[in-house]
**Student:** 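Sharing a structure, written as structure tokens. Questions coming.
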Amino acid sequence: MNPDILRERQNATFDIEKLTNILDGGAERTNRRREIREVLVLNDPDFDYGTPTSLPTMILKLREYGISDPVEINWYKSMYWGTGREALGLHYVMFLPTLYTQCDSEQFNKWVPLIIGTYAQTEMGHGTHLRGLETTATFDPATQEFVMHSPTVTSIKWWPGGRNPLFLPLIFLSIPLSASLFDLFLSGFALPTCSGIVIGDIGPKFGFDAVDNGYLKLEHVRIPRENMLMKYAQVKPDGSYVKPLSSKLTYGTMVFIRSLIVGNAGIVLSQCCTIAIRYSAVRHQSEIRAGEAEPQILDYQTQQHKLFPLLATAYAFLFAGQYMIDTYNRISGDINQGDLSEMPELHALSAGLKAFTTWTANTGIEVCRMSCGGHGYSRSSALPDIYVEFTPSCTYEGENTVMMLQTARFLMKSYRQVQAGQQLSGAVSYLNKVHHRVMAPQAVSSQLDLNLNTLVDLYEIRAAMLVELAAQSIQQESARGKCQEDSWNNSTIDLVRASDAHCHYMVLKMFRDKVDQIEDPGVHSVMSTLAHLYAIHGMGNFTGDFLQAGVLTGAQVPSVSKCLKGLLAEVRPSAVLLVDAFDHHDKMLNSVLGRHDGNVYEAMFEWARSSPLNRTEVHESFHKHLKPLQAKL
Ligand SMILES: CCCCC/C=C\C/C=C\C/C=C\C/C=C\C/C=C\CC/C=C/C(=O)SCCNC(=O)CCNC(=O)[C@H](O)C(C)(C)COP(=O)(O)OP(=O)(O)OC[C@H]1O[C@@H](n2cnc3c(N)ncnc32)[C@H](O)[C@@H]1OP(=O)(O)O
Ligand SMILES: Cc1cc2nc3c(=O)[nH]c(=O)nc-3n(C[C@H](O)[C@H](O)[C@H](O)COP(=O)(O)OP(=O)(O)OC[C@H]3O[C@@H](n4cnc5c(N)ncnc54)[C@H](O)[C@@H]3O)c2cc1C
């Protein structure tokens, strides 16, 4: 083991295993996750790590081991495939969940055990604006069929992931059927028997290469009436239409996956922090004091400033992900029982946190990569591949700006309810105080009150202020004679800013609540330090907001920076231990720089030597191209 890494792991001030247990949701979950990883994957003789041919093996193994719990499926898949996406991802996180939530019982029993499928909602002309989808579904009572058709080039289904070229069970959305906006259809197209179907691949992408994103053009293709997913809405044999409780129930899968993405952003950021911080502990470069040995780059304050706030953010997002999925499970359970009262709040929370966490993690991956210098640009670091695979999450499952504006819709509606004298509950209850809060500057002291609860309050006031400013912008636009839609559009910069601040407050609040639950003194202390770092770092980035909200004075601004520096130094001794607690296995991280043993240079040389370009002393291209040319010169 590299001596630097060894030294970093001595004198731990907290129990790493206990922190890993907290991240997993308990010691039993940690043990089960490791059992799946060590026994069912790594020690399985059939396991050939992540090669395409192993996809069928993976499916059969999941059945052989009786792994059916969605989270355990994901543990197995992520160990099998490492940090990359894989062809079945969409099947597990969109196709199956849609069948689980939108099939009636007969359809569920008929289809769920049997098929692998994709989710074709987006069209070439519309991804965000679902009411603009053009694919038609016309019911033919004479034959009890729906005629599916792509009337225009822009209506061609575009992007469905995992578009199996041979057999194409897919769920797709078509344009409105009477009062309902969308209905989901399951269409088992076995290509040889279905004319009128044109499918193909949409071509090379920025990444996401393990997933074959395709296109689908339908020319008056007929499918049985029974293929409409009929849990919430039905078309009867006589063509009459039974409306769903809410047209938004069709959007349920998107809410589910957005809820998952919040935790996934935390996982991906934790992977990158593991790589960058372990590497920074073994990389020596330049000098701090003339004549002394080159220091670990982790001892440079700028390196700490790049990485430690991201480390704190990774923990924050992992805890936010736990909260999000718990909230999703609770509210979707109520929805299943017919209680839709919290559906708008679930939509607003999942949409906003999905955008907030993916935007932040996306930027953070690049900071981690660049903090590793040239070796960060090498594929051996895994960081370029992680970035390429993660960055579309800012676009898919709801483009982030659009998602932030969905949250803003909910915030504006809540603000108007407060103005009308209503008492709010839930995540927006802080708006109840928006008119009564004394936003006077804190005590004249130039010292910041570092109590975590106080910091949460400051973020709450900042969010409330920005919500009010956005609402006032809309009111000012209306007062200038703008229609409601133009008043909204002319305020969307403020609206996104308000949603971002709302999400920032929510994430810090969740972090604080999680820290409050931690009983072990050592773990509580180090997590409290990270939560403070997360809060203070945000205050440094958005100082203007806190000054404008009147909760920070000009005299206190220097202490924000001073406090930040102190917290960076406080985290330094525990940095490697904090990434060890994420418990990412070398095989899954697949990074020469992030190895648990820190033996980077030896591994990098071996990695380079294994390159196909190094299979022969002289590359074949010399003999094929250069040598003949030299002979002619
Ligand atoms: C078996 C399970 C296995 C689980 C495994 C466990 C773990 C997995 C681990 C990791 C996985 C993590 C991540 C996964 C990684 C990758 C995922 C894999 C692949 C990704 C492939 C990508 C797929 C896709 O992209 S599918 C297509 C996605 N498309 C969208 O999201 C469309 C976005 N656009 C919209 O949603 C629409 O703009 C809009 C928001 C619906 C707006 O609609 P519209 O009506 O036009 O506008 P509004 O007038 O604004 O809204 C009207 C009204 O409706 C309310 N509303 C809107 N949406 C919803 C909703 N979803 N729910 C509830 N209510 C909604 C809105 O608030 C408004 O209401 P109001 O009028 O009262 O204000
Ligand atoms: C890797 C990948 C995989 C995908 N997999 C699937 C899949 O399996 N199935 C599927 O159905 N789809 C899939 N998609 C498609 C994805 O869901 C859409 O790309 C996404 O919903 C965005 O829609 P769009 O591409 O039409 O972008 P647009 O909505 O055209 O966005 C372009 C720009 O317009 C802005 N904009 C749009 N509307 C508004 C508004 N109301 N207010 C302000 N600004 C706005 C956006 O902010 C953005 O800046 C995938 C996409 C990617 C990248």
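Ligands are counted one by one from 1 in listed order, and the atoms in each one are counted from 1 as well. We number each residue from 1, following the sequence as shown. Values below: every heavy atom of this structure, side chains too, minus hydrogens, waters and symmetry copies.
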**Student:** Do L411 and Y415 have side chains that get closer than 4.5 Å, going by heavy atoms?
**Tutor:** no

**Student:** Could an N or O of ligand 2 be found under 3.5 Å from any N or O of T128, whether backbone or side chain?
**Tutor:** yes

**Student:** Before accepting this row, confirm whether a basic side-chain N of the pair K217/E219 lies closer than 4.0 Å to the acidic partner's carboxylate O.
**Tutor:** yes

**Student:** Does a donor on one side chain sit under 3.5 Å from an acceptor on the other, for D500 and Y505?
**Tutor:** no

**Student:** Measure the shortest side-chain to side-chain distance between K482 and I474 over non-hydrogen atoms and say whether it is less than 4.5 angstrom.
**Tutor:** no

**Student:** Would you mind checking which non-hydrogen protein atom is closest to atom 19 (O) of ligand 2, with the distance to 0.1 Å?
**Tutor:** T395 CG2, 3.8 Å

**Student:** For Q121, take its heavy atoms, then give the atoms of ligand 2 lying under 4.0 Å from any of them.
**Tutor:** 11 (O)

**Student:** I want to check something: taking the side chain as every heavy atom from C-beta on, are R33 and D583 in contact at a cut-off of under 4.5 Å?
**Tutor:** yes

**Student:** Please identify which atoms of ligand 2 are closer than 4.0 Å to at least one heavy atom of G127.
**Tutor:** 21 (O), 23 (O), 24 (P), 26 (O)

**Student:** Could you name the option among N74, I257, L260 that has the heavy atom nearest to atom 14 (C) of ligand 1?
**Tutor:** I257

**Student:** Would you say G161 and ligand 2 have an N/O pair spaced under 3.5 Å apart?
**Tutor:** yes

**Student:** Check this for me: does any side-chain nitrogen of one of E72 and R32 sit under 4.0 Å from a carboxylate oxygen of the other?
**Tutor:** yes

**Student:** For P160, take its heavy atoms, then give the atoms of ligand 2 lying under 4.0 Å from any of them.
**Tutor:** 7 (C), 8 (O), 9 (N)

**Student:** Can you find a heavy atom in the side chain of F390 that is under 4.5 Å from one in the side chain of I365?
**Tutor:** yes

**Student:** Would N21 and T30 count as having a side-chain donor-acceptor pair, cut-off 3.5 Å?
**Tutor:** yes

**Student:** So if I count the atoms of ligand 2 from 1 in the order they appear, which ones are less than 4.0 Å from some heavy atom of V402?
**Tutor:** 37 (C), 38 (N), 39 (C), 45 (C)

**Student:** So which heavy atom in the protein is nearest atom 49 (O) of ligand 2, and how far is it from that ligand atom?
**Tutor:** E399 OE2, 4.0 Å

**Student:** Quick check on atom 32 (C) of ligand 2 - does any protein heavy atom sit closer than 4.0 Å to it?
**Tutor:** no

**Student:** Number the atoms of ligand 2 from 1 as they appear, then name those within less than 4.0 Å of a heavy atom of L90, with their elements.
**Tutor:** 8 (O)

**Student:** Is it true that atom CZ of R330 has more than 12 heavy atoms of other residues, nucleotides or ligands lying nearer than 6.0 Å?
**Tutor:** yes

**Student:** Purely on distance, is any nitrogen or oxygen of L405 under 3.5 Å from one on ligand 2?
**Tutor:** no

**Student:** Specify whether the nearest protein heavy atom to atom 35 (C) of ligand 2 is under 4.0 angstrom away.
**Tutor:** no

**Student:** Can you check whether N590 reaches R379 side chain to side chain, under 4.5 Å on heavy atoms?
**Tutor:** no

**Student:** H504 vs F356 aromatic rings, parallel, tilted or perpendicular, using cut-offs 30° and 60°?
**Tutor:** tilted

**Student:** Report the residues that fulfil side-chain hydrogen bond (donor to acceptor under 3.5 Å, both in side chains) with T391, sequence neighbours left out, ordered by chain and then residue number.
**Tutor:** N362

**Student:** Quick check on contacts: which atoms of ligand 2 are under 4.0 angstrom from a heavy atom of T401?
**Tutor:** 47 (O)

**Student:** Just to be sure I'm reading this right: ignoring hydrogens, which of R131, M343, E397, H126 gets closest to atom 45 (O) of ligand 1? Compare them by their nearest heavy atoms.
**Tutor:** R131

**Student:** Number the atoms of ligand 1 from 1 as they appear, then name those within less than 4.0 Å of a heavy atom of G127, with their elements.
**Tutor:** 32 (C)

**Student:** Could an N or O of ligand 2 be found under 3.5 Å from any N or O of T122, whether backbone or side chain?
**Tutor:** yes

**Student:** Between E397 and R258, does any side-chain N to carboxylate O distance fall below 4.0 Å?
**Tutor:** no

**Student:** Begin with the C-alpha distance, continue with both residues' side-chain angles, and end with the deciding distance and a verdict on side chain to side chain contact (heavy atoms under 4.5 Å, CB included) for V211 and F208.
**Tutor:** CA-CA 6 Å; V211 178; F208 226 68; 3.7 Å; yes

**Student:** Would you mind listing which atoms of ligand 1 come within a distance below 4.0 Å of any non-hydrogen atom of M94?
**Tutor:** 23 (C), 26 (S)

**Student:** Would you please say whether a donor-acceptor pair under 3.5 Å links the side chains of T135 and E123?
**Tutor:** yes

**Student:** Identify, for atom 9 (N) of ligand 2, the protein heavy atom at the shortest distance, and state residue, atom and that distance.
**Tutor:** Y119 O, 2.8 Å

**Student:** Would you mind reporting whether Y396 and I261 have side-chain heavy atoms less than 4.5 Å apart?
**Tutor:** yes

**Student:** Which atoms of ligand 1 have any heavy atom of K413 under 4.0 Å away?
**Tutor:** 70 (P), 72 (O), 73 (O)

**Student:** If you take the nearest heavy atom of each of K248, Q121, R258, which one is closest to atom 33 (C) of ligand 1?
**Tutor:** R258

**Student:** Which of the atoms in ligand 1, numbered in the order shown and given with their element, are less than 4.0 Å from a heavy-atom of G398?
**Tutor:** 30 (C), 31 (O), 33 (C)

**Student:** Name the option, out of W75, W159, Y92, Y251, that contains the heavy atom nearest to atom 61 (N) of ligand 1.
**Tutor:** Y251

**Student:** At under 4.0 Å between heavy atoms, which part of N400 makes contact with ligand 2: side chain, backbone, both or neither?
**Tutor:** neither

**Student:** E134 and T152: side-chain donor and acceptor closer than 3.5 Å?
**Tutor:** yes

**Student:** When you compare ligand 1 with H347, is there at least one nitrogen or oxygen pair between them that comes in under 3.5 angstrom?
**Tutor:** yes

**Student:** Under 4.0 Å from atom 44 (N) of ligand 2, is there at least one protein heavy atom?
**Tutor:** no

**Student:** Heavy atom under 4.0 Å from ligand 1: found in E399's side chain, backbone, both, or neither?
**Tutor:** neither

**Student:** Measure from atom 7 (C) of ligand 2 to every heavy atom in W488, Y396, W159 and give the option owning the shortest one.
**Tutor:** W159

**Student:** Under 4.0 Å from atom 21 (O) of ligand 2, is there any protein heavy atom?
**Tutor:** yes

**Student:** Under 4.0 Å and counting heavy atoms only, is there anything from the protein next to atom 29 (O) of ligand 2?
**Tutor:** yes

**Student:** Are S393 and T358 linked by a side-chain donor-acceptor pair shorter than 3.5 Å?
**Tutor:** no

**Student:** Does any N or O atom in H126 lie less than 3.5 angstrom from one in ligand 2, N or O only?
**Tutor:** no

**Student:** What are the atoms of ligand 1, with element, lying closer than 4.0 Å to any heavy atom of I261?
**Tutor:** 13 (C)

**Student:** Is there a protein heavy atom less than 4.0 Å away from atom 25 (O) of ligand 2?
**Tutor:** no

**Student:** With heavy atoms only and a cut-off of under 4.0 Å, state how N264 meets ligand 1: side chain, backbone, both or neither.
**Tutor:** side chain

**Student:** Side-chain atoms of residues 331-338: list all donor-acceptor pairs with protein atoms under 3.5 Å, sequence neighbours left out, distances to 0.1 Å.
**Tutor:**
residue, atom, partner, partner atom, Å
S332, OG, Y328, O, 2.6
S332, OG, N329, O, 3.4
N336, OD1, K231, NZ, 2.6

**Student:** Any donor-acceptor pair under 3.5 Å linking the side-chain atoms of H584 with those of S270?
**Tutor:** yes

**Student:** Which atoms of ligand 1 sit under 4.0 Å from any heavy atom of T128?
**Tutor:** 33 (C), 34 (N), 35 (C), 37 (C), 38 (O)

